[in-house]
**Student:** 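Below is the structure I would like to discuss, written out as structure tokens.
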Amino acid sequence: MDIETLQTDLMAAIGSADTLEALEAVRVSALGKQGSVSALLKTMGGMSPEERQTQGPIINGLRESITTALTAKKADLETAELNRRLATERVDMTLPASDVPRGTVHPVSQVMDELAEIFADMGFAVAEGPEIEDDWHNFTALNIPETHPARAMHDTFYFPDDMARDGQKMVLRTHTSPVQIRTMTSQEPPIRIIAPGRVYRSDSDATHTPMFHQIEGLVIDKGIHLGHLKWTLETFLKAYFEREDVVLRLRPSYFPFTEPSVEVDVGYSVINGKRVIGGAEGWMEVLGSGMVHRKVIEACGLDPDVWQGFAFGTGVDRLAMLKYGMDDLRAFFDGDNRWLQHYGFNALDVPTLSGGVGA
Ligand code: DAH
């Protein structure tokens with residue numbers, strides 16, 4: 001076969017190859033070890049110098065034009081293949097995920113979102129403070145001096161002495177109350193904040209974990225009294241438990257940072273042997289609260305004759321258990337997917353007051 005015919009045949013084969021596999025077969029038939037072009041290239045070894053001078057450029061030209069044609073065709077086929085896949089493998093991002101396991105919102109996050117929503121409606125902002133706290137913010141400024149027996153009650157995780165900062169011993173905060181101090185020392189009253197977050201105590205059983213969650217509330221303004229506290233807590237608890245028949249009982253109590261201090265119980269009824277919030281067949285303690293102590297207001301550099309306020313604090317995990325019926329706190333932090341699937345919430349169901357906070 002002469003070179004020209006070979007070239008025409010190969011070009012035709014390249015032109016009609018409609019898959020990468022077919023094109024590869026043409027390449028092997030021409031340029032492979034046993035290929036027709038390779039065979040021609042081999043003949044050059046046996047040629048006389050004159051012959052090689054005329055045939056060499058022709059054979060090499062053939063190889064070059066075939067290689068170029070193969071490369072171009074390969075690029076065409078690859079582009080066509082990509083376009084075909086782009087057309088057929090299009091992903092519709094608006095379709096719901098079907099049988100893939102879906103993540104859920106942890107009840108603690110859900111309850112914190114519900115609380116933020118409820119309190120935002122009453123004009124409260126969300127405040128935060130560090131989990132590694134100094135002694136002054138966690139205790140002293142809250143009227144819990146070094147010798148105070150309340151310190152012993154907190155089962156505090158202390159950092160080693162050589163990690164003190166500005167002469168202050170560091171602790172893992174034992175409650176969210178130091179955020180009261182951080183807020184009062186960093187912004188001007190009037191103040192209305194809630195502060196949800198993690199707290200730590202060296203304690204562990206079915207109802208206590210070394211890390212748990214609290215939410216703090218603080219209002220500082222002029223002429224604030226116990227009536228404002230009671231209304232706020234009643235409005236909050238009715239919205240949270242999503243029922244109007246929530247009854248509160250305020251009991252005198254003691255906290256170093258409030259005077260007077262009250263513990264708040266919520267009434268429950270017993271239905272089919274189970275306690276249900278609402279009514280007043282029995283009482284469950286849900287909150288600590290009171291009027292912010294003069295000494296705390298003073299410690300933050302404010303004049304207690306001008307500014308008054310109330311504060312409250314409660315366990316977020318416990319609130320979640322009361323509303324959603326879990327009975328072992330430890331399971332909250334096991335990360336067991338079955339528990340999360342059972343108690344978790346749909347991420348797209350954002351709590352709103354109009355839609356029902358616990359929907
Ligand atoms: N900090 C208290 C605790 O962890 C809870 C508490 C009680 C917070 C009364 C308050 C309060 O703001 O007024 O046990």
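Every number for a ligand or one of its atoms is a count from 1 in the order of the listing. The basis for the numbers below is simple: all heavy atoms, side chains too, and nothing from hydrogens, waters or symmetry mates.
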**Student:** Quick one: side chain to side chain donor-acceptor pair (under 3.5 Å) partners of Thr94, sequence neighbours excluded?
**Tutor:** Asp92

**Student:** By side chain to side chain contact (heavy atoms under 4.5 Å, CB included), which residues pair with Arg165, not counting sequence neighbours?
**Tutor:** Ile132, Met170

**Student:** Aromatic rings Phe257 and Phe255: how do their planes relate, parallel, tilted or perpendicular, breaks at 30° and 60°?
**Tutor:** parallel

**Student:** Examine Trp231 together with His225 and report whether their ring centres are nearer than 6.0 Å.
**Tutor:** no

**Student:** Parallel under 30°, tilted from 30 to 60°, perpendicular over 60°: which one fits the rings of Phe312 and Phe236?
**Tutor:** parallel

**Student:** Using a threshold of 4.0 angstrom between heavy atoms of the protein and any atom of ligand 1, which residues qualify?
**Tutor:** His175, Ser177, Gln180, Arg201, Gln214, Glu216, Phe255, Phe257, Thr258, Gly288, Ser289, Gly290, Ala311, Phe312, Gly313

**Student:** Throw together a table of side-chain donor-acceptor distances under 3.5 angstrom for residues 49-56, partners on residues two or more places apart or in other chains.
**Tutor:**
residue	atom	partner	partner atom	Å
Arg52	NE	Met44	O	3.2
Arg52	NH2	Met47	O	3.2
Thr54	OG1	Glu51	O	2.9

